[in-house]
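Sequential numbering from 1 along the given sequence is applied to the chain's residues.
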Amino acid sequence: MTEHRLLKKYVPRLASLQAICSANYGRLLQLLPELDQESLEYRFAAGQGMSFGIAVQLCEPYTTTLEMRQLSDALPGYLQPVMQVRLYHDARMAEVLGFQHMGRFRPSYPYPNRLMHQKNEKELVNHFLSEWLGFCLKQRSQSSVSEDSPP
């Protein structure tokens with residue numbers, strides 16, 4: 001009986017994931033009024049020597065792909081979180097595509113696994129995005145917008 005419980009596959013809570021992704025879409029629209037412009041970068045001050053940057057990487061008719069990162073003078077690059085996010089305009093949802101240089105997330109993972117992902121890793125990274133966006137909305141009054149040209 002105990003072994004069976006350990007081997008039981010995690011079933012994602014689709015309604016919960018959809019709610020997080022829908023809320024993240026709304027937060028991103030509040031933060032980024034011009035989602036249809038590639039190479040646009042937004043910066044949000046977050047204290048002394050730290051900021052958050054959101055860069056529009058790709059604009060297509062029904063989707064927009066962003067990169068969001070924490071920037072700090074005091075920390076080496078590998079300790080500064082970075083994630084890729086895709087906005088689906090027809091569904092009004094935003095989903096994390098990658099986090100910390102890890103690609104697409106599966107809906108669920110067996111646990112334990114080689115990369116030590118949580119069973120609900122996809123939901124967790126989207127929840128983390130929610131917290132990041134909430135923080136940026138609070139910091140918006142200190143933000144500045146700059147348009148960078150592509151490298």
Side-chain angles (χ1 to χ4, degrees), residues 5-38 40-145:
R5 213 178 279 159
L6 291 175
L7 298 176
K8 188 175 179 183
K9 183 179 178 183
Y10 170 78
V11 177
R13 298 176 306 191
L14 187 57
S16 176
L17 181 59
Q18 286 178 327
I20 291 170
C21 291
S22 293
N24 285 344
Y25 184 86
R27 288 181 186 102
L28 281 163
L29 287 182
Q30 289 177 29
L31 283 171
L32 312 173
E34 306 202 24
L35 279 172
D36 58 347
Q37 295 183 24
E38 284 186 34
L40 191 64
E41 185 172 330
Y42 294 80
R43 300 236 182 218
F44 304 91
Q48 192 147 7
M50 187 171 73
S51 63
F52 289 89
I54 302 176
V56 177
Q57 295 184 315
L58 183 63
C59 292
E60 297 177 311
Y62 301 104
T63 63
T64 300
T65 304
L66 311 171
E67 181 175 88
M68 186 170 177
R69 61 177 56 238
Q70 177 182 314
L71 306 162
S72 173
D73 299 334
L75 295 173
Y78 66 90
L79 289 178
Q80 298 179 45
V82 59
M83 70 174 49
Q84 293 73 39
V85 180
R86 176 153 304 139
L87 285 82
Y88 301 94
H89 302 296
D90 52 348
R92 301 188 57 78
M93 297 176 83
E95 175 187 27
V96 175
L97 296 180
F99 180 64
Q100 294 303 90
H101 310 292
M102 298 175 98
R104 291 194 182 267
F105 294 97
R106 295 190 303 210
S108 67
Y109 290 89
Y111 193 84
N113 57 68
R114 187 175 61 80
L115 296 175
M116 294 307 291
H117 287 298
Q118 295 296 316
K119 292 178 179 185
N120 60 339
E121 190 82 13
K122 184 172 187 159
E123 186 174 340
L124 291 174
V125 296
N126 281 285
H127 184 71
F128 181 68
L129 173 61
S130 174
E131 292 176 1
W132 239 8
L133 294 173
F135 180 79
C136 287
L137 281 168
K138 289 178 185 173
Q139 301 298 318
R140 182 171 51 178
S141 63
Q142 302 172 13
S143 68
S144 63
V145 178

So, taking the atom named [atom1] in [X] and the one named [atom2] in [Y], what distance separates them when rounded to the nearest 0.5 Å?
X: Leu133; Y: Leu32; atom1: CG; atom2: CG; answer: 8.5 Å
X: Asn24; Y: Glu95; atom1: CG; atom2: CD; answer: 10.5 Å
X: Thr65; Y: Glu60; atom1: OG1; atom2: CD; answer: 6.0 Å
X: Ser130; Y: His127; atom1: OG; atom2: NE2; answer: 6.0 Å
X: Asn126; Y: Met83; atom1: CG; atom2: CE; answer: 8.0 Å
X: Leu17; Y: Leu124; atom1: CG; atom2: CG; answer: 10.5 Å

task: Answer yes or no: is there a donor N or O on one side and an acceptor on the other, between the side chain of Gln80 and the main chain of Arg69, under 3.5 Å?
output: no
query: Do any N or O atoms from the side chain of Glu41 and from the backbone of Gly53 form a donor-acceptor pair under 3.5 angstrom?
result: no
- request: Take Leu129 and Arg27 through the side chain to side chain contact (heavy atoms under 4.5 Å, CB included) test and state the conclusion after the steps.
  value: CA-CA 10 Å; Leu129 173 61; Arg27 288 181 186 102; over 6 Å; no
- prompt: Under the ring pair (Phe, Tyr, Trp, His ring centres under 6.0 Å) test, which residues partner Phe128, sequence neighbours left out?
  reply: Phe99, Trp132
message: Among Arg86, His89, Gln57, which residue satisfies the side-chain hydrogen bond (donor to acceptor under 3.5 Å, both in side chains) criterion with Thr64?
response: His89
Nearest heavy-atom neighbours spanning [X] and [Y]:
X: Ile54; Y: Phe44; value: CD1-CE1, 3.8 Å
X: Ser51; Y: Ala45; value: CB-CA, 4.2 Å
X: Tyr88; Y: Tyr25; value: O-CE1, 3.9 Å
X: Lys122; Y: Val125; value: O-CG2, 3.3 Å

